[in-house]
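Have a look at the structure below before the remarks.
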Amino acid sequence: MTIQPVRLFGDPVLRARADEVDAFDRDLEQLVTDLTDTMHASRGVGMAAPQIGVGLRVFVYDTGDAAGHVVNPVFEVLGADEQTGPEGCLSIPGLRYDVTRAHRVVARGFDMHGEPVKFEAEGLLSRCVQHETDHLDGVLYLQRLEPATRKQAMRAVRESEWFVAGKTVMSAAEVAGSRPESGRGE
């Protein structure tokens, strides 16, 4: 088990588009393992490689009902139904805001061995796919908030203990300790 430090809001790796994976090797397998271990230790439901400082297009997920990983993910929205609900982020610990996302998507990519992956997702898994793919594009969920809510969220970030302390990384245990009791974070 290799638990990595979690990169926090303000770290430039979180705002950069991650690179496509072109080598399906032992290093990629280790990255998937590190992401999975760190996500579980942080009590999250998803984690993207940039959140541990790796600029590659890989994310892992474990919603309780479904678990896995996707390399070089893309998704397509299925239908017009949307869902609005609380969303958090391990890289913005302690905060949760309602975000509107597509209710259903189909995700495509590869597994760590280069085999094609395709699955339909709805509800929490759909939200997770969209949230983690956003991370790989350098987009944080705060950017998806309505302007007034985003302003409130940014104020909360600036007032948070970790931001005030100038932290750009936290241990998974610190992140888990700052999670709202009402649920796990993406």
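Note that the numbering runs from 1 along the sequence shown for the chain. This structure is a prediction, so every number in the text was calculated from the model and none was measured.
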Review point. Would you call the rings of Tyr61 and Phe119 parallel, tilted or perpendicular if under 30° counts as parallel and over 60° as perpendicular?
Key: tilted

Practice item. Measure across Ala41 and Ile3 and return the closest heavy-atom pair with its distance rounded to 0.1 Å. Key: CB-CD1, 3.6 Å

Check your understanding: Which residues pass the salt bridge (charged side-chain N to carboxylate O under 4.0 Å, His left out) test with Arg150, sequence neighbours left out?
Key -> none

Check your understanding: How does the hydrophobic cluster around Leu78 look, that is, which other residues are in it when side-chain heavy atoms under 4.5 Å mark a link?
Key -> Val106

**Study point:** Criterion side-chain hydrogen bond (donor to acceptor under 3.5 Å, both in side chains) on His40 and Asp62, from CA distance to verdict
**Key:** CA-CA 8 Å; His40 286 143; Asp62 184 349; 2.9 Å; yes

Practice item. Under the side chain to side chain contact (heavy atoms under 4.5 Å, CB included) rule, collect the residues that match up with Glu29, sequence neighbours excluded. Key: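 With neighbours one apart ignored, the set is Arg26, Met112, His113.
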
Review point. By side chain to side chain contact (heavy atoms under 4.5 Å, CB included), which residues pair with Pro73, not counting sequence neighbours?
Key: Arg57, Phe59, Val70, Thr133, Leu136

Practice item. Taking the side chain as every heavy atom from C-beta outward, state whether Arg108 and Pro116 have any pair of such atoms under 4.5 Å apart. Key: no

Practice item. Count the heavy atoms belonging to other residues, nucleotides or ligands that lie under 6.0 Å from CD of Glu20, then report whether that count exceeds 12. Key: yes

**Study point:** Stepwise salt bridge (charged side-chain N to carboxylate O under 4.0 Å, His left out) check, Lys167 with Glu174
**Key:** CA-CA 12 Å; Lys167 291 185 176 185; Glu174 289 176 299; 3.0 Å; yes

Kindly list each side-chain donor-acceptor pair under 3.5 angstrom involving residues 97-104, sequence neighbours excluded, with atom names and distances?
residue	atom	partner	partner atom	Å
Thr100	OG1	Thr84	OG1	2.6
Arg101	NE	Glu87	OE1	3.2
Arg101	NE	Glu87	OE2	3.3
Arg101	NH1	Asp134	OD2	2.9
Arg101	NH2	Glu87	OE2	2.7
Arg104	NH2	Glu120	OE1	3.1

Could you give the side-chain donor-acceptor pairs of residues 10-17 under 3.5 Å, partners two or more places apart or in another chain?
residue	atom	partner	partner atom	Å
Asp11	OD1	Val13	N	3.0
Asp11	OD2	Arg7	NH1	3.0
Arg15	NE	Gly138	O	3.4

